[in-house]
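One-based numbering, in listed order, for ligands and for the atoms of each. What you see is a predicted model, and the numbers here were worked out from it, not measured in a lab.
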Amino acid sequence: MATTTFTGRSINPPPPGALPSLPMTPQTQTARPDSSALPSRPPRPIANTKPSLSLKQPSTTCVRPGAGKGPPKKHHMPAPPQQSKTLRKTTSVGAFPQPPKGPSRTNSNGPSPSSAAAASVASLPDGLPTNRRSSSTSLSVPNGDTTMRTRSASAKSRQSLLRSPHAMSTPETRTPSAQGSQSQSVDTPTNDGSGAHDAGQDSADKSSSETKGNVVVSVRVRPQAGTADDVNHGDWELDGRRGAITYSGKEGGQFVSDNVFTANDNNAKVYDSAAKRLVRRVMEGYHGTVFAYGMTGTGKTFSMQGTASSPGVIPLAITDIFSFIRETPQREFLLRVSYLEIYNEKINDLLSPPPPTGPGMQAVPQEEIKLREDSKRGVYATPLKEEIVQSPNQLLRVIARGDNSRRVAGTQFNARSSRSHAVVQIVVESRERVPGGSSLQENKRAATIVPGGVLVSTLSLIDLAGSERAADSKERRTEGAHINKSLLTLGTVIARLSESKGKEGAERDKHLPYRDSKLTRLLQPALSGNSLVSILCTISIGSTGSAANVSTHINETLNTLKFASRAKNSIVSHAKKAEEANAGGDAGSRALLDRYRNEIQELRKQLEAKTKEEASAKDAEEEKAREAEEKARHEEQMLELQLARTALKERIEHLNRLILSSKSFGVNNPSRSFSGMGSHYRNSVVSTNEGYAVSVRSSRASELTLEVPPHLNRTSSGGSALSLSLSSHSNGLVGEHGSEDNDSLGENGDGTASASAQIRALHADLADKNRYIITLEKRLLQARRSSQPRASILMANGGSDDGEGGVEAVLKEKDEEIAELRARLDDKDRMLNALRSAARKRDIADLKVDTSVERTRAQARRSAGSTSSSVYTRPSAAAMSPAYTLSPGSEKRMRNVEDATRTLNGMITERVEKKVSPVDAK
Ligand SMILES: Nc1ncnc2c1ncn2[C@@H]1O[C@H](COP(=O)(O)OP(=O)(O)OP(=O)(O)O)[C@@H](O)[C@H]1O
């Protein structure tokens, strides 16, 4: 059999519509329970309007049901044109669940029987289901006076198929419900094993069931206050089991739909039977639209929103959406929601209402929300706020927020009548976590997700405003006019859909007045076949008041039932999985899932780069810290060196003083030798027993002056004094064979230096030595400084960067420095030797002085009266030798000098080695 497909809008999302607010209890009903989870409406004033109930029908003729009532009468609803043989063959029967027959069906809450299945109850209005006459799937149409409907053999076989136990599943179990029994009738089989199609179903079945179950029409009867028995209300008879409503009054007939919910059926039952399957299909990638249609006060909002104790279609769908996500770990989902209303033919964003204006406050003009259409998105409202939601509660809160902004007002029939059509749109994006991945473990391990393959489907949940004929207030009348106009257009579209069955896509849409109202424009994708559709028609079959009111009420109810029948017979759905065509991972993809994935990857890259930057900054910091530590250590060592240098210097000074004092033979008479010296020198000079004072100048070309002790001068005849001057050479040392009588007469011209000259000489000598020491220390420090950084660099580089050449260069340099330092030490040694030699020479000179004094004394004795005393006794050679001539005291002094020199040498050598050794070690 052929099916009519609509190719023009295959990927379009379903249309938006107007959404519900919580229904208010009518004046005679108990108050609607408030719900924390559900939105609450602000109180509305009850308008003093007179009821006007008739729902204008767009059609002008209809076939009056004739079951048991004789031949159907021609009514004013238009009879759809005769269908071509290929048109809508698969629509009606597939869409209407087949009623199970026989005793096995025990649960009245089970799936509603199909009007097509039950030939005996097929009392459809004339002119509505003409298409059903064709082939096995069509509903039979009342035919003339006697034949109400016909059924082909294939319809019988399908009926028997639908009588399976699966089809009998009850909605109360909240498992596959009445719709679940039709699961195989969804047009497009799923290819991912997500449950759309039973494997093993033969291709013939697939073909015949392509569009079955995509359109479900249900009728819900609102309970009447104070009426216990809702089954029999005067001329009305309800058969929930068969899904039949029979009116036996004027213009009566039997109306059969997929589901009939009586007053005993609660919202859960309604959801299970009318919407649950559709919601699950939306999660699998199909567009879905659920809308409630009916006269004012009949329970549209109650059915869509429900109450806290009896949640309606919207909260139950939300719960199901998240259950599905939980049950589908192999896919990842992203949900976003928008909420709009059409009020007086103007679209308002309920999630972004205009800021309140008050006295003195300037109204902020809001950008007008317009309807646009493109090939990818179909018809959509823009600009419209969309919120991403991650939990059922969050989604409910968002919707409750929108409900608070929705227009409601009191009417005679409903204290909280919805004055606008409200449309909740939940966009579901989903994608396989790991394409081809089979196990959950695998999925968990796989961190990367390839772009693309995103399914983007939309669930539209629409609470239409109720029709009303007249109102007292102008505002209500204006609202009513707009509401009625849009509902009239909807009815017209539904009626004409059947007329354009032979046409497809744009050609068909051309003949349909979708653009006559915003509501039909928004519903266009759903009505034209791109969406699964569930229509819940609400009626109230009890009425009170005047006869006119009762009559109007009945007319409205009949019109609603006719609308249900036409909708069921006219809408053909060829909904396909809506894969985002542009979901190739590019930034322009409409699928947020892709865009977010890209963003996540981009951010991950940035994060990695930042982490690297941080690591290198940390390394640099550590390097700095190491350097600072090194510097601190170096400073510490410098301080140590300084201290050591000071100690060394003091020691050297002390030893210098020691040397000077030990060689001063004339210090026995301190008053003579140091009379002119400062206290420092007086104190520091060590006096020997002999009390000689010696002034030594060891600088270049310095002069070493040995001053004859005063007591010698005193003893010498004629007060003559002996002054011995030793000249040193370029090395500043006193040569062993230096001239003894050169320039040695002294400043006083008597062979003795003046005290100030001695002091100057001492100062100069001391300064020379200090300079030498300082130079020596500087060299040591320089050697250390230059060696440390290089050594540390070598160490930091693990000695590998510069290779052995660098180390060798450093070692060579150090060797040179050591050699230089050793040379200097040798200089020092030589200097000390020279000093020692000078000291020896002084001793010799002292000895000579002693000898001449003796001679002088002997001459004096001879001249004093001895006989021919001209005999000169030459002192023996032994007596002239230094060993001989040095007194024991002199020897001791010499040893002291040598000891001091050794100590000094040892200290210097030790310091030098200490300073050199760390460098060597490095
Ligand atoms: N099946 C039901 N069971 C109990 N109460 C119901 C039922 N249907 C409707 N009601 C009550 O009837 C009143 C009107 O219902 P509701 O507001 O849902 O009507 P409506 O069709 O949305 O009206 P309108 O088109 O004016 O907005 C509410 O107080 C609601 O609680």
Counting both backbone and side chain atoms, is some N or O of [X] under 3.5 Å from an N or O of ligand 1?
{"X": "G299", "answer": "yes"}
{"X": "L464", "answer": "no"}
{"X": "T298", "answer": "yes"}
{"X": "G466", "answer": "yes"}

L278 and V216, any side-chain heavy atoms less than 4.5 Å apart: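 Heavy-atom side-chain distance check fails, nothing below 4.5 Å.
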Can you find a non-hydrogen atom of G297 under 4.0 Å from ligand 1?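 Within the 4.0 Å threshold, so yes.
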Quick one: does T538 get a heavy atom under 4.0 Å from ligand 1? no
Using the rule given for salt bridge (Lys or Arg N to Asp or Glu O under 4.0 Å), can you reason through D265 versus R220, listing the C-alpha separation, both sets of side-chain angles and the distance that settles it, and then say yes or no? CA-CA 9 Å; D265 294 327; R220 183 176 199 184; over 6 Å; no
Record the part of M295 in heavy-atom contact with ligand 1 below 4.0 Å; permitted values are side chain, backbone, both and neither. backbone
Atoms in ligand 1 with a heavy atom of S418 nearer than 4.0 Å: 24 (P), 26 (O), 27 (O)
The single option from R336, R401, Q394 that satisfies side-chain hydrogen bond (donor to acceptor under 3.5 Å, both in side chains) with E387 is R401
Out of the candidates L464, V313, I462, T538, only one should pair with M304 under the side chain to side chain contact (heavy atoms under 4.5 Å, CB included) rule; please name it.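 The residue from L464, V313, I462, T538 that satisfies side chain to side chain contact (heavy atoms under 4.5 Å, CB included) with M304 turns out to be V313.
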Here's a test for you: under side chain to side chain contact (heavy atoms under 4.5 Å, CB included), which of V389, I426, N393 qualifies with V398? V389
Return yes if a side-chain donor-acceptor contact under 3.5 Å exists between N214 and Y286, otherwise no.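 Short answer, no.
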Classify the ring geometry of W236 against Y247: parallel below 30°, tilted from 30° to 60°, perpendicular beyond 60°. tilted
Looking at K300, R222, R220, the heavy atom closest to atom 8 (N) of ligand 1 belongs to R222
